[in-house]
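Excluded from the calculations below are hydrogen atoms, water molecules and symmetry mates; all remaining heavy atoms, backbone and side chain alike, are included. In what follows, every chain begins at residue 1, and chains take the letters A, B, ... in the order their sequences are listed.
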Number of protein chains: 2
Amino acid sequence: MSRGAEGGGAQRPGDGEHRPPVMMDVARLAGVSHQTVSRVLNGHAKVRQQTRQRVLDAMRELDYQPNSAARMLVTRRSNTLGIVTFDSTLFGPSSMVYGIEQAARAAGYFVTIASSRSLSRSSVLEAVNRLREQAVEGIVAIVPKDSAVDALASVPAGIALVGVGVGGAADVPMVGVDNTAGAELAVHHLLDLGHRTVHHVSGPAGWPEARERVAGWQKALAEAGAAEPEVLVGDWSARSGYQAGQAVARDPEATAVFCGNDQMALGVLRALSEVGRRVPDDVSVVGFDDIPEAPYLIPPLTTVRQDFGEVGRRSMELLLRIAEGEQSHHRIHLTPRLVVRTSAARPAS
Amino acid sequence: MSRGAEGGGAQRPGDGEHRPPVMMDVARLAGVSHQTVSRVLNGHAKVRQQTRQRVLDAMRELDYQPNSAARMLVTRRSNTLGIVTFDSTLFGPSSMVYGIEQAARAAGYFVTIASSRSLSRSSVLEAVNRLREQAVEGIVAIVPKDSAVDALASVPAGIALVGVGVGGAADVPMVGVDNTAGAELAVHHLLDLGHRTVHHVSGPAGWPEARERVAGWQKALAEAGAAEPEVLVGDWSARSGYQAGQAVARDPEATAVFCGNDQMALGVLRALSEVGRRVPDDVSVVGFDDIPEAPYLIPPLTTVRQDFGEVGRRSMELLLRIAEGEQSHHRIHLTPRLVVRTSAARPAS
DNA sequence: CGGGCTAGTGTTAACGTTCACACCATGACC
DNA sequence: GGTCATGGTGTGAACGTTAACACTAGCCCG
């Protein structure tokens, strides 16, 4: 079948002016009232089997498609949820969108997205308003930056809202991995291997998750009585990791680095390799996220795994609970786990 | 500000049953008819400045939000476009979604997504139907697999539809990079460097883009009179690239590899490094896509760049043209370009 | 001074569903 | 034999907006 060339639904002004069939058309064809058609459509019990079949046949014959706007108008329900994301090539956000969409579909909802260019307050608010125009019944906001989280707190309370990656301190219902615990996992692993201390390449200032990972790193170092080197601040990108890695490479004392995400770890690996510092022989590296490529970096990256799909599903779940008016327990922390590969080993003694 | 607990918007007296304000409420407050409110809302010219202001004030005071369902019902327009994607952690699809969303927003449309679990025919059709239920005015389908493309061809012609990454042979309007040309670029680059021939790690069978890249590779080899080694078939993942890389490493004749995407190239790099074959000294490697991490692999990856954001924008543009009934030129090929880094060099002679 | 134009506003009727009923057989029960 | 529930169906009336038209003033023009 060739399409595209054909005029498709193009109802050019011409004579015909054929409208898509409506419930009344189906009713007429089946010889019943429109209400009976509605009952069949919504699976009401009180319809005779034989009548139901006639209606079903008529629907098929006319290729009837219920008008969602009319239904929405009268039921006051859009069956739609919104996602606010940001324009990023980061692995996390984009993979969470799928988890959310699947969970939403399973719960019988449609999903519309609104991306916020910058995660600035105004940009996030604008995205939220776009979704409100669409009459969404709830919003999952993937906005892991302080300015954006503040914006969420000022969204009018009439609409159900869940933040993702907004950090444990946020003043909105939220779902996220326990970043502090994850960082501790990574740092303890390195200290247990025998490293004196651990350097940290962090995410950028103003990102709650970056801050929490820094906190976990600090806590683990403090518990072990290890010295706390200066944080190397990155921006989540491989490029920034590369730059940080150059700094690490210049420091002969540095034997272990914990990176705020895998992309930066990748950059660190590259910087170290470039100057001939071997991983893990000379320097150990640990990342965060466990991107699909992590096992195939050089060397395979030991990292802290976040299950983004799970985050998506859980945020959906929480959103629905809130939308139904439940009040309790609006703070879900998922436990990350350490995936040991070969980029971290005991230091050369 | 704490949210979630409080019940939101202040309402009409009579305790119970508080409905959101409607156009009539605004009209009453402003002392005009609802039609005048409608005119203000839609920016009609024939409203006295003073009246307009009164209406605007009233809207603000009531925190009025137009009911999109009612509007949709009467205008017969949803202002919504749909995206069909698939659940993948591939870089391309997820970054295109943003390009599309931005372009759609700029054109005044909302975007709803429907993901297809498997790219099987039925799964794609189901996703398309979900969008039709939502009354979308057009669909961009990111479904780069034959089974899915077939499904698109059988979508009823009433709805505007654009395929992305569906290959040049698809029987639907489409936007995509010129894969054949891109592959030729890569292979010629390697041959020009002095390699006798070039091996290829391809994407999986049944993916049009994989096939087109294979074709470009074959064409370039044939033009140069080079022998055509057996294709190593992967599945786009780093893991499959790693396996293919092991095969390459075992072949002492192999000095150059062109990979169907960057993830597989990454796996190849790792496999070669593991057995001590140096890149680019012993083996040259070229990828496809130019993922953000490509410059920071070991060594920095020479690759063919696709601009996914541009693909998103162009597909949106095409979709709107089709929706408006334009008939011509429904096949857009973007030209990729080679980004030379250091993973490919002349062979050791 | 009547006709026609224009700016500004109101009135009424769609749009296509679902909801709340009313209605009719039928059979059961006292 | 009358009441009562109960399966099955039809009849309005919403829902909240925009479209189409009608209606006033006020003004210009011949």
### Task
Between B/Arg54 and A/Leu73, just flag the one whose closest nucleotide in DNA chain C comes earlier from the 5' side.
B/Arg54
### Query
Toward the 5' end of DNA chain C, which comes first, A/Pro66 or B/Arg52, by nearest nucleotide?
B/Arg52
So, is [X] near the phosphate of [N], with a side-chain N or O under 4.0 Å from OP1 or OP2?
{"X": "B/Asn42", "N": "D/dT18", "answer": "yes"}
{"X": "B/Ser38", "N": "D/dT17", "answer": "no"}
{"X": "A/Arg71", "N": "C/dT18", "answer": "yes"}
{"X": "B/Tyr64", "N": "D/dG16", "answer": "no"}
{"X": "B/Thr36", "N": "C/dG10", "answer": "yes"}
{"X": "B/Ser33", "N": "C/dT11", "answer": "no"}

Rounded to whole angstrom units, what separation is found between the [atom1] atom of [X] and the [atom2] atom of [N]?
{"X": "A/Gln35", "N": "C/dG16", "atom1": "CD", "atom2": "P", "answer": "17 Å"}
{"X": "A/Gln49", "N": "D/dG7", "atom1": "CD", "atom2": "P", "answer": "16 Å"}
{"X": "B/Gln50", "N": "C/dG8", "atom1": "CD", "atom2": "C1'", "answer": "12 Å"}
{"X": "B/Met24", "N": "D/dT17", "atom1": "CE", "atom2": "P", "answer": "11 Å"}
{"X": "B/Arg28", "N": "C/dT11", "atom1": "CZ", "atom2": "P", "answer": "13 Å"}
{"X": "B/His44", "N": "C/dG10", "atom1": "NE2", "atom2": "P", "answer": "15 Å"}
{"X": "B/Arg19", "N": "D/dA14", "atom1": "CZ", "atom2": "P", "answer": "12 Å"}
{"X": "B/Arg77", "N": "C/dC15", "atom1": "CZ", "atom2": "P", "answer": "19 Å"}

### Query
Under 3.5 Å, is there an N or O donor on one side and an acceptor on the other linking the side chain of A/Arg39 and the base of D/dG10?
yes
### Task
Search all heavy atoms of A/Thr112 against all heavy atoms of A/Leu131 and return the closest pair with its distance.
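It is OG1-CD2, 3.3 Å.
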### Task
Considering non-hydrogen atoms only, spot the tightest contact between A/Ser123 and A/Arg117 and give its length.
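It is OG-N, 3.2 Å.
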With a 4.0 Å cut-off, would you call [X] and [Y] a salt bridge?
{"X": "B/Arg130", "Y": "A/Glu101", "value": "yes"}
{"X": "B/Arg54", "Y": "B/Asp57", "value": "no"}
{"X": "A/Glu317", "Y": "A/Arg313", "value": "no"}

### Message
Is there a side-chain contact between A/Leu41 and A/Arg71 in this structure, where contact means two heavy atoms from C-beta onward sitting under 4.5 Å apart?
### Response
yes
### Query
How would you label the contact of B/Thr51 with the nucleic acid (heavy atoms, under 4.0 Å): base, sugar-phosphate, or nothing?
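Contact class for B/Thr51: sugar-phosphate only.
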### Task
Name the nucleic acid region contacted by A/Arg76, choosing base, sugar-phosphate or nothing; use a 4.0 angstrom heavy-atom cut-off, strictly under.
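The residue A/Arg76 makes sugar-phosphate contact but no base contact.
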### Message
Of the listed nucleotides (C/dG10, C/dT18, C/dT9), which one gets closest to any side-chain atom of A/His34?
### Response
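Side chain of A/His34 sits closest to C/dT18.
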### Query
If you check the B/Ala70 side chain, which of D/dT17, C/dT9, C/dG16 turns out closest?
D/dT17
